[in-house]
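Note that these values count all heavy atoms, side chains included, but never hydrogens, waters or copies made by symmetry. Letters A, B, ... mirror the listed sequences (proteins, then strands); counts begin at 1.
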2 protein chains.
Amino acid sequence: MYPNLPPLNAMRAFESAARNVSFTLAAKELFVTHGAVSKQVKILEQYLGVNLFIRQHRKLVLTEEAKPYLAKVQSALQTINSATQELISQPQLAQRIAINVLPSLTINWLIPSLESFKLSNPNLFVDLSIGDFAIDFSQHQYDIAIRSATKKPQGCNVLKLMDEDLCLVCSPQLAKKMTSLQDINKMTLLEHTSRPGLWRFWADDIGITITTDNKFGMEHFYMLSQAAVSSMGVALIPRFFVSQQLADGSLVIPFSAGFVSPYSYYLLTPTASPLPLKVQSFIDWLLPLFAPYR
Amino acid sequence: MYPNLPPLNAMRAFESAARNVSFTLAAKELFVTHGAVSKQVKILEQYLGVNLFIRQHRKLVLTEEAKPYLAKVQSALQTINSATQELISQPQLAQRIAINVLPSLTINWLIPSLESFKLSNPNLFVDLSIGDFAIDFSQHQYDIAIRSATKKPQGCNVLKLMDEDLCLVCSPQLAKKMTSLQDINKMTLLEHTSRPGLWRFWADDIGITITTDNKFGMEHFYMLSQAAVSSMGVALIPRFFVSQQLADGSLVIPFSAGFVSPYSYYLLTPTASPLPLKVQSFIDWLLPLFAPYR
DNA sequence: ACAATGCGTGAGTTTTACTCACACTATAAA
DNA sequence: TTTATAGTGTGAGTAAAACTCACGCATTGT
């Protein structure tokens with residue numbers, strides 16, 4: 001029926017490579033290596049018997065023949081893309097997506113952002129829940145989970161979002177009362193109760209001594225950030241969690257003495273290939289938000 | 001860039017299945033098993049989160065959602081198909097295809113048919129040569145070869161065209177002089193010199209005895225067919241090779257005492273995946289011509 | 001002069017696609 | 001009613017495709 005239909009995965013590589021005029025950039029876009037793109041394009045060229053690129057020393061040039069071809073291929077891919085969008089946008093085909101996220105990430109960041117996801121995916125209903133337990137997708141019916149861990153989780157699809165970039169924060173008022181790092185011993189140290197060793201690790205890392213026992217423990221980072229805003233003391237909080245407060249000035253970084261903790265943040269999905277479109281849509285929305293912190 | 005682009009190989013399976021409203025028919029079209037199509041469609045459905053078919057007991061029905069989706073997908077595939085056709089039809093991109101075919105197949109069948117290939121592939125120039133030697137594509141620069149053999153050739157892509165269906169032929173004049181199979185002992189037996197045992201095998205197979213030594217050897221089937229037309233004697237020739245003569249009455253089958261020889265005809269191409277489009281085009285043209293004989 | 005950038009490629013691995021063989025069940029035929 | 005048949009689903013195993021890795025090469029920019 002379609003006797004001239006080329007290998008379609010190779011077409012996709014060609015389209016991206018041609019649009020970017022670069023195999024390396026196309027590779028980033030497609031989440032593969034540049035070698036993979038190079039080979040797929042070569043497969044297409046050998047199938048067609050036509051050169052699509054002129055390989056120059058360090059750059060690519062589309063051949064004259066490839067230009068109109070690219071335009072039509074893009075049109076076709078766009079047709080499929082929008083047809084798929086329309087398909088899943090039909091009200092009677094509304095889908096639900098169940099997401100389980102770490103408490104502080106939910107409170108300080110996800111909930112304020114979710115409205116924009118809702119706007120661009122009106123047909124996708126989010127069931128949001130909070131959790132920090134170990135995820136077993138055969139037990140819990142979640143489509144997506146976000147967790148922190150010191151090593152890459154096993155047994156499911158994993159996408160690393162960012163490392164945990166801890167920074168010292170306090171209210172502007174409190175910051176004025178400190179002139180050197182040692183002054184934090186005059187303050188209340190707001191402590192994450194699940195990470196009791198954190199102040200010690202931090203102090204060792206940057207080479208100061210903690211002499212005070214004046215600590216206040218709280219269960220979650222978002223509680224710590226609220227406490228810090230209220231001038232209760234200084235806290236060590238992942239930068240990402242307090243980006244809003246740092247932006248509006250309710251929290252400041254008195255000394256740039258952060259350190260990268262051994263924890264990283266991961267997005268977990270049930271093992272499935274390819275990832276369902278609704279899950280992919282959420283990831284596509286989410287990833288750019290993390291981009292500045294990667 | 002195309003955030004909703006589904007797995008494209010699965011799309012192709014869906015399109016064929018939807019058009020045929022049958023996984024089995026789609027499988028035939030795509031040269032795979034029905035199970036493969038079934039699984040690809042399921043992959044697409046799980047990706048989309050949308051059912052595309054209602055599986056009834058022994059038949060398929062497209063869901064209402066799938067109908068407009070199918071139309072757009074077909075339009076996209078058609079765009080790619082025709083863009084590819086246009087690409088390779090550009091005069092400056094004319095290609096050559098080197099084909100090496102068995103002597104009799106060339107003379108009796110391929111040459112008379114080639115004009116129709118030329119008409120539908122004006123941008124593809126055929127270099128035709130005759131040969132019956134063993135093909136080694138690393139030695140010979142052919143894109144396609146056709147050979148006969150008693151077992152499937154190794155070391156290259158192989159497509160079986162047909163079994164060798166030998167039939168007894170002679171001119172209408174000679175046929176009148178025979179009333180029973182035993183009468184062939186009164187005739188000259190036209191013999192293929194590369195297949196000296198052929199008359200013996202045939203006689204054993206259908207249970208008669210050859211008592212005459214009146215034989216005439218020739219190198220190729222097309223010489224035998226010419227000799228038979230000229231009333232020189234009776235011959236055993238693959239049906240496919242004398243289809244023209246049987247159709248126009250210059251040869252007849254006096255007794256339907258053919259037999260299927262151990263030889264089959266194979267189309268050979270160099271190992272390559274996917275097959276270049278120019279090669280695929282030739283095969284697409286050629287296969288229907290063999291269809292009645294398969 | 002030297003590091004950095006971008007593409008090509010062979011070997012080896014992972015992922016995807018497919019086949020095979022069988023199960024299931026409604027029609028059609030006996 | 002029984003039996004054959006045709007079409008689809010599916011688990012296990014295999015074949016094929018796609019990708020990664022690590023390196024080579026040549027050019028650009030500092």
Respond yes when some side-chain nitrogen or oxygen of [X] is under 4.0 Å from OP1 or OP2 of [N], and no when none is.
X: B:T24; N: D:dT8; result: yes
X: A:Q40; N: D:dA18; result: yes
X: A:N9; N: D:dA17; result: no
X: B:T33; N: C:dC20; result: no

For the side chain of [X], starting at C-beta, report the closest nucleotide among [options].
X: B:S22; options: D:dT8, C:dC7, D:dA18; result: D:dT8
X: B:H34; options: C:dC18, C:dG8, C:dA21; result: C:dA21
X: B:S38; options: C:dT5, C:dA26, D:dG9; result: D:dG9

Looking at D:dT28, does its base get a donor-acceptor pair with the side chain of A:R58 below 3.5 Å?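 Such a pair is found, so the answer is yes.
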Side chain B:K39 and base C:dT19 donor-acceptor under 3.5 Å: yes
Examine distances only and state if a side-chain atom of B:D143 and a backbone atom of B:A98 form a donor-acceptor pair shorter than 3.5 Å.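 Pair found, side chain donor or acceptor close to backbone of B:A98.
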Do B:S75 side-chain atoms and B:A71 backbone N/O form a donor-acceptor pair below 3.5 Å? no
Note the angle between the end axes of the helix from C:dA1-D:dT30 to C:dA30-D:dT1, five pairs defining each, rounded to 10 degrees.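 Roughly 30°, once rounded to the nearest ten degrees.
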In whole angstrom, what separates [X]'s [atom1] from [N]'s [atom2]?
X: A:L52; N: C:dC7; atom1: CG; atom2: P; value: 15 Å
X: B:R55; N: C:dA26; atom1: CZ; atom2: P; value: 17 Å
X: A:R12; N: C:dT16; atom1: CZ; atom2: C1'; value: 14 Å
X: A:I43; N: C:dT16; atom1: CD1; atom2: P; value: 16 Å
X: A:N157; N: C:dT14; atom1: CG; atom2: P; value: 16 Å
X: B:L275; N: D:dA16; atom1: CG; atom2: C1'; value: 15 Å
X: A:N51; N: C:dG8; atom1: CG; atom2: P; value: 11 Å
X: A:Q46; N: C:dT9; atom1: CD; atom2: P; value: 9 Å

Indicate whether B:H57 forms a stack on C:dT27; treat it as stacked only if centroid distance is below 5.5 angstrom and interplanar angle below 30 degrees. no
Which sits closer to the 5' end of DNA chain D, A:F31 or B:K42, going by the nucleotide each is nearest to?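 Residue closer to the 5' terminus by nearest nucleotide: B:K42.
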Ranking B:S273 and B:A36 by the position along DNA chain D of their nearest nucleotide, the one closer to 5' is B:A36
Any salt bridge between B:E45 and B:K39, counting N to O under 4.0 Å?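 A salt bridge is absent here (no side-chain N lies under 4.0 Å from a carboxylate O).
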Cationic tip of A:R147 above A:F133 ring, under 6.0 Å, 45° of axis: yes
Could you tell me which residues satisfy side chain to side chain donor-acceptor pair (under 3.5 Å) with B:Y47, sequence neighbours excluded, listed by chain and number?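 Here no residue qualifies.
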Verify the distance criterion only: is there a donor paired with an acceptor across the side chains of A:Y265 and A:E164 at less than 3.5 Å?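 Their side chains do contain a donor-acceptor pair, which is all the 3.5 Å distance test asks for.
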Listed partners of B:K28 passing salt bridge (Lys or Arg N to Asp or Glu O under 4.0 Å), at least two apart: none
Return the orientation label for the A:F117 and A:F282 ring planes: parallel under 30°, perpendicular over 60°, tilted otherwise.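 The arrangement is perpendicular - the two ring planes meet at more than 60°.
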